[in-house]
Amino acid sequence: MKLARDTWLVFQRQLLLMVRTPAWLAVGLLQPLFYLLLFAPLLKTALASSGAVSTADAYRVYVPGLLSALAVMGGLFTGFTLLGELHAGIVERSRVTPVSRVALLLGRALREVVALLVQAAIITALAIPFGLTVGVGDLLLAFALLALMALMASSVSYGLALLVPGDAALGPIVNTIAQPLALLSGTLLPIALAPAWLRTAASWNPCYWGVEAMRALFTGQVDSPAVWRGLLFTAVTAAVAVAWAARLFAQRIR
């Protein structure tokens, strides 16, 4: 009960700070919208070999990949916000408060989850006029999976921010991690179109299973094994990431 209350308090404060700077929404939406409007139509030709040649099919393949990329790539860069708080002494001042150390992490991470879900809802709504069709129940489950992916990525980013000395070190590390994760998860194009060796390499990427589950949900295959595998792997990975980052938080402000 105390953890939930403390998490809610930290989340409220973080959400208030985010609302006071609404430019985050415009900046966070520009690049995904460019990909949505300019890249997704090209998939009609790229997917011709698999038989998915309609515009609706192209968007059912691409939109979940785009949202997954937004969760992973966006989440992994949230550590820069924490670095700013560390440099300003905000995190260290938490030593004198009785707030749970896990709540300090979860409250911040949940703010990133909410920001992502708002962006995801807008992008999905904008894709509907282009031919995207998805069931409401499938979409809600896909957003739940997306939230887990964002929680995982944000927690990893916060943990890295607590380990590195500054922005100059965090940037290269995050880029080194983010690029392989995104490319080997099939966010831009399905991994099924890749060579066998690349498909094998992708199977070791936890984000790959989340992307596959997202695509299955967007195509209405809620009973597909890819869905429960994606939910299971993503939930376990998110739990491990939260536990690791929370431990670093506790050590930092002990």
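When reading the values below, keep in mind they use all heavy atoms of this one structure, side chains included, and skip hydrogens, waters and symmetry mates. As the structure is a prediction and not an experimental result, all values here were calculated from the model.
- The cluster map of Ile, Leu, Val, Met, Phe, Trp and Tyr, joined by side-chain heavy atoms under 4.5 Å apart, puts V118 and V134 in the same cluster.
- Taking all atoms of both residues into account, the shortest heavy-atom contact from V72 to A153 is O-CB, 3.7 Å.
- The closest side-chain heavy-atom distance from L160 to I177 is below 4.5 Å.
- Without hydrogens or angle criteria, S68 side chain to P64 main chain gives a donor-acceptor distance under 3.5 Å.
- Note that the CG atom of L231 and the CG atom of L141 stand 5.5 Å from one another [nearest 0.5 Å].
- The shortest non-hydrogen separation linking G79 to A161 is O-CB, 3.5 Å.
- Side-chain atoms of T124 do not come within 3.5 Å of backbone N or O of A121 as any donor-acceptor pair.
- Considering CG of L116 and CZ of R111, their distance stands at 13.0 Å, rounded to 0.5 Å.
- Side-chain contact check for L70 versus Q119: some heavy-atom pair is nearer than 4.5 Å.
- Ring pair F77/F80 is parallel by interplanar angle, where below 30° counts as parallel and above 60° as perpendicular.
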Candidate pair M214 and L145, rule side-chain contact (heavy atoms from CB on, under 4.5 Å), full reasoning:
CA-CA 7 Å; M214 287 281 293; L145 175 58; 3.7 Å; yes
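- Shown here are the ring pair (Phe, Tyr, Trp, His ring centres under 6.0 Å) partners of F233, two or more places apart in sequence or in another chain: W209.
- Placement of M152 and M73 in two distinct hydrophobic clusters is found when ILVMFWY residues are connected by side-chain heavy-atom separations under 4.5 Å, directly or transitively.
- Nearest heavy atom pair, residue V227 against residue A216, reads CG2-CB, 3.8 Å.
- Evaluated for a side-chain contact (heavy atoms from CB on, under 4.5 Å) with Y158, the options L83, L105, L163 yield exactly one hit, L105.
- A continuous path of Ile, Leu, Val, Met, Phe, Trp and Tyr side chains, each step under 4.5 Å between heavy atoms, connects Y208 with L232, placing both in one hydrophobic cluster.
- Note: the hydrophobic cluster containing V113 also contains L139 (ILVMFWY, side chain heavy atoms under 4.5 Å, direct or indirect links).
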Under the side-chain contact (heavy atoms from CB on, under 4.5 Å) criterion, do F218 and T133 qualify, and how do the steps go?
CA-CA 8 Å; F218 267 70; T133 57; over 6 Å; no
Dump the intermediate steps for side-chain contact (heavy atoms from CB on, under 4.5 Å) on T219 and R215, then the final yes or no.
CA-CA 6 Å; T219 54; R215 287 201 170 110; 5.7 Å; no
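- Here the closest heavy-atom approach between residue A213 and residue G230 is recorded as CB-CA, 3.9 Å.
- Atoms CG and CG, on L151 and L110 in that order, are 6.5 Å from each other to the nearest 0.5 Å.
- Residue D138 holds its CG atom at 12.0 Å from CZ of F143, rounded to the nearest 0.5 Å.
- Contact between A245 and S155 at its shortest, heavy atoms only, is CB-O, 3.3 Å.
- Considering every non-hydrogen atom in both A127 and V63, the closest pair reads CB-CG2, 3.8 Å.
- Linking Ile, Leu, Val, Met, Phe, Trp and Tyr residues whenever their side-chain heavy atoms come within less than 4.5 Å leaves L140 and L148 in two separate clusters.
- Within the model, atoms CG of L76 and CG of L170 stand 9.5 Å from one another, a figure rounded to the nearest 0.5 Å.
- No donor-acceptor contact under 3.5 angstrom links the side chains of S154 and R108, judged on distance only.
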Any chance you could lay out the side-chain contact (heavy atoms from CB on, under 4.5 Å) test for N205 and L181, step after step, and finish with the verdict?
CA-CA 7 Å; N205 179 6; L181 284 179; 3.1 Å; yes
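- In this structure the side chain of F11 reaches within 4.5 angstrom of the side chain of W8, judged on heavy atoms.
- Note that OG1 of T234 and CG of L146 are 10.0 Å apart. Values are rounded to the nearest 0.5 Å.
- A 4.5 Å side-chain heavy-atom check between L82 and F249 finds at least one atom pair inside the cut-off.
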